[in-house]
Amino acid sequence: MKKGAYSFNKIEKKWQQFWQQNSTFKAQDCNASKPKYYVLDMFPYPSAQGLHVGHPEGYTASDIFARYKRMKGFNVLHPMGWDAFGLPAEQYAVESGTHPAETTRKNVDSMRRQIMSLGFSYDWDREVNTTDPGYYKWTQWVFLKMFNSYFDETEQKARPIEQLPIPDGLTEAARQQYIDDHRLAYEAEVPVNWCPALGTVLANEEVVGGLSERGGHPVIRKPMRQWMLRITKYAERLLEDLAEVDWPESIKKLQIDWIGKSVGADVKFEVPGCDWDIWIFTTRPDTLFGATYMVLAPELDLVDMITTAEHKEAVDKYREEAARKSDLDRTDLAKEKTGVFTGGYAINPVNGAKIPIWISDYVLISYGFGAIMAVPAHDTRDFEFANELNLPIIPVVEPEDKEQADLVKKGELCFVGDGRAINSGQFDGLSTPEFKEQITNWLAERDLGRKAVNYKLRDWLFSRQRYWGEPFPILHAEDGRVLGLSEEDLPLVLPEVQSYKPSGTGEPPLANIDDWVNVTLPDGSRVKRETNTMPQWAGSCWYYLRYLDPNNVDRGWDSEKENYWMPVDLYIGGAEHAVLHLLYSRFWHKFLYDLGYVSTKEPFKKLVNQGMILGEDGQKMSKSRGNVINPDKVVADYGADSMRLYEMFMGPLEATKPWNMQGVEGVHRFLQRLWRMIIDEDTGELDGAIQEADTDEATLRLLHQTIKKVGDDNESFGFNTAISQMMIFVNHLTKQTVRPKSVIEKFILILSPFAPHIAEELWEKLGHTETLAYESWPQYDKELIKEKEIELVVQVNGRIKDRIVVSAEADEDQIKQQALASEKVTAALAGKQPKKIIVIKSRLVNIVI
RNA sequence: GCCGAAGUGGCGGAACUGGCAGACGCGCGGGACUCAAAAUCCCGUCCUGGCAACAGGGUGUGGGUUCGAAUCCCACCUUCGGCACCA
């Protein structure tokens with residue numbers, strides 16, 4: 001190897017040390033002299049496997065943008081931290097006895113080293129770790145705030161629980177109950193997803209097809225006492241404020257679907273001989289005349305009261321079976337609907353018809369009232385059920401399509417679209433939307449129903465029966481009261497345990513530590529600590545706020561700093577967090593907004609998702625397939641700059657794309673060429689071609705075109721095309737025997753966000769003594785970009801016949817003349833008169849004959 | 001089943017707002033340098049026919065709009081991602 005060759009290992013180490021020693025990327029709080037810009041990465045879970053090549057993709061994109069913004073004069077906040085609570089470290093602890101904190105520390109150290117080796121411009125002084133008591137103190141604090149708040153329905157916002165209006169005349173116990181029932185963090189006995197293998201409860205989102213997302217173990221339904229967060233109160237705002245954020249439409253859509261708003265009516269069905277009614281929710285009140293039976297969820301308490309003696313045995317049996325079914329079974333059996341008749345009847349409020357009441361597990365307890373009216377003619381599920389069990393079908397909506405209408409009328413087709421009302425008494429002939437409105441009013445006037453809105457979104461199941469999570473700052477008194485710790489007692493530190501194993505009965509590991517669980521209060525009363533811990537999502541709900549003020553011991557974050565930095569201007573991460581993390585943190589943010597702790601409605605202004613990187617075989621990377629690419633190896637063999645450049649050159653940021661090691665060599669060769677273009681490899685000094693000289697026109701034009709293209713592409717995250725433009729530039733300049741220094745310098749600056757190490761090194765070789773991180777981004781000159789002469793394509797009837805070169809100033813007539821003058825064109829015209837000549841300046845001429 | 005994204009050379013991918021399809025990179029073929037190899041440099045590379053000039057075809061499939069379609073419209077096929085009885 002020659003003395004002055006591109007020695008990326010040395011160069012990269014040198015500049016990483018330089019940046020660290022000089023705190024080059026330290027963000028300045030509240031600096032009013034510059035506009036701020038907050039670039040955030042989704043922080044990683046520090047796993048034992050370390051970084052995979054998917055991580056650096058998003059991190060490189062955000063780093064390029066952060067560096068670009070600095071050069072554009074912004075005060076940039078670009079932090080990194082660790083989402084370090086979670087199952088793997090705990091599983092490892094169960095197996096090996098190693099404290100999760102120790103595993104975590106080791107993994108964090110190794111992943112930090114890996115991330116640092118890529119030369120990202122993070123302000124490392126702001127590093128956070130969710131498992132640090134100094135951090136989770138404030139996670140617990142937010143939880144306490146939720147525990148001590150309620151949701152004011154009229155104002156649609158959270159308020160301190162002390163302000164909750166309490167009805168008069170309640171006993172002390174009832175008063176307490178009333179308050180507890182309104183807390184945003186509350187306890188409930190709920191059927192949960194219990195995973196015996198993991199020994200914990202999982203959130204709905206963590207169960208995939210009846211199996212646990214992690215590990216793929218079976219999950220069953222089981223009622224347990226759990227902590228819940230009332231995210232449903234925020235459903236409407238979570239939906240509405242999506243309009244405010246600059247996110248990919250597909251991600252917004254996923255959230256909208258997850259929230260699942262539907263508008264319809266609640267309708268009351270009386271049960272003869274009973275003094276209570278069955279309420280149902282429907283989005284199709286216009287089909288009420290077609291309701292031929294009702295279905296209740298098997299779990300509904302009401303079922304007991306409705307079931308007649310002769311049907312009791314069958315009903316009880318069915319209910320028992322339904323309760324035993326796991327979600328997987330329920331999904332599997334969804335193909336064939338089952339159910340039993342209760343013996344009870346209800347009265348259809350619109351026509352007084354007596355209709356039978358059934359139970360079936362196709363009706364969900366957790367949505368609406370857990371009861372439905374069944375309109376088999378116009379609901380596919382009811383249609384299937386009615387056919388299965390031979391129940392009557394009455395068509396009440398006539399489709400426009402004649403053929404369809406005939407089938408619907410015969411009861412052979414289930415039609416769920418809009419149409420005209422039939423068999424609906426005085427409402428016959430109305431269109432579906434008209435009917436909906438009229439019948440809703442009709443019901444409301446008679447006190448039989450009301451307009452209603454329902455959401456699919458459920459309250460967030462917030463407790464886990466695990467060790468490695470934030471302990472709840474909650475005490476349980478002997479009389480059943482639930483007390484929040486006072487803020488001064490935070491953090492409630494996770495205690496040491498003998499065994500990390502869950503008890504298997506649902507009791508978390510913390511329950512085994514008697515002297516931690518049992519607490520005597522100053523007044524002598526004895527209480528027990530909550531032994532559940534929070535889910536991994538908790539710490540990531542607000543970490544972007546902690547970066548603003550990571551060392552503050554008195555507050556989670558300073559409000560002046562919050563005002564300055566928030567919102568996050570750019571958030572880059574994987575699309576797999578589209579609903580979970582992004583919905584949860586928006587919820588927490590809105591809650592904090594209500595209480596005045598943050599100044600913006602939404603935390604993340606712009607969101608960009610990086611796509612997945614596949615293995616070289618085009619398959620998802622996995623250990624078992626043996627196609628995992630180790631970033632350490634890539635950095636060792638080709639350097640961090642090559643790695644960064646390749647990850648961006650592969651294709652559009654959001655796309656899924658396969659890795660190709662030869663592609664890495666390709667960009668590496670580009671850097672080599674760039675190096676030799678500037679440095680004489682024999683001496684290590686500047687090449688003789690680098691001179692203080694005037695620039696030829698073509699080079700100057702290409703330089704300015706490149707500055708423009710790279711800048712524009714940076715703004716739109718089109719890093720792949722920015723890199724190809726830089727390659728075009730280097731290909732051109734390498735051929736020049738004189739390479740003006742001023743041209744080289746400008747080029748180094750625009751390359752620097754992509755390949756910062758080599759850029760800094762060359763910048764220094766060019767005689768600069770300061771880092772280029774804060775040099776201003778080169779400007780381009782519009783005039784210099786313009787070509788003097790333009791090649792146009794000449795078509796005859798859309799087929800290319802010739803090319804002509806015209807002056808950039810030529811007007812349409814001149815271009816026409818020149819085009820018609822072409823010999824090839826004359827030949828193609830074969831003497832015919834052109835009907836029309838279309839001239840698109842700087843593009844083409846099309847002669848139509 | 002429903003929703004969303006995407007289908008372009010041997011491969012990753014370019015193509016502004018409807019205007020030269022295939023930029024840039026990989027791979028491949030040929031050449032230079034070398035005793036030889038690596039590295040590097042130069043030339044070529046969508047397909048078919050032709051020595052060539054050139055002609056024809058070509059952006060998942062089939063139709064349509066237009067002087068002109070990878071780009072817009074309709075129908076369909078395939079792949080990937082998400083949801084999964086939410087009344």
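Reminder, nothing fancy here: chain letters follow the sequence lines and each chain counts from 1. Because only heavy atoms are used, hydrogens play no part in the values below, and waters and symmetry mates are left out as well, while side chains stay in.
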Below 4.0 angstrom from OP1 or OP2 of [N], is there any side-chain N or O of [X]?
X	N	answer
A:N731	B:G25	yes
A:S724	B:G13	no
A:R676	B:C41	yes
A:R799	B:G57	yes

State plainly whether the residues A:K337 and A:E384 are in salt-bridge range, i.e. N to O under 4.0 Å.
-> yes
Under 4.0 Å, counting only non-hydrogen atoms across every strand here, what does [X] touch: a base, just sugar-phosphate, or nothing?
X	value
A:K253	sugar-phosphate
A:N454	nothing
A:I372	base
A:I728	sugar-phosphate
A:N720	sugar-phosphate
A:G798	nothing
A:L254	sugar-phosphate
A:N846	base
A:S366	nothing

If a pair satisfies side chain to side chain donor-acceptor pair (under 3.5 Å) and one of its residues is in residues 660-670 of chain A, list it, with sequence neighbours excluded.
-> A:Y638-A:E665, A:S642-A:H668, A:H668-A:Q672
When you compare [N] with [M], how far apart are their [atom1] atoms, in angstrom units rounded to a whole number?
N	M	atom1	answer
B:G12	B:A6	C1'	15 Å
B:C43	B:U48	C1'	24 Å
B:G82	B:G9	C1'	32 Å
B:G13	B:A84	C1'	35 Å
B:A69	B:C20	P	11 Å
B:G68	B:C33	C1'	49 Å
B:G64	B:U71	C1'	15 Å
B:G30	B:U8	P	29 Å

Output the distance between atom CG (A:L614) and atom CD (A:Q619), rounded to the nearest 0.5 Å.
-> 8.0 Å
Rounded distance [0.5 Å steps], CG in A:D277 versus CG in A:L448 | 9.0 Å
Take the protein atom [atom1] of [X] and the nucleotide atom [atom2] of [N], then report the distance between them rounded to whole Å.
X	N	atom1	atom2	result
A:Q725	B:A23	CD	P	14 Å
A:I840	B:C16	CD1	P	15 Å
A:I251	B:C83	CD1	P	12 Å
A:R673	B:C24	CZ	P	11 Å
A:D802	B:C20	CG	C1'	12 Å

Is the charged tip of A:R586 near the ring of A:W258: under 6.0 Å from the six-membered ring centre and within 45° of its axis?
-> no
Which residue lies toward the 5' end of RNA chain B, A:E791 or A:R284, if each is placed at its nearest nucleotide?
-> A:E791
Does the base of B:C20 carry an N or O that pairs as donor and acceptor with the side chain of A:R843 under 3.5 Å?
-> no
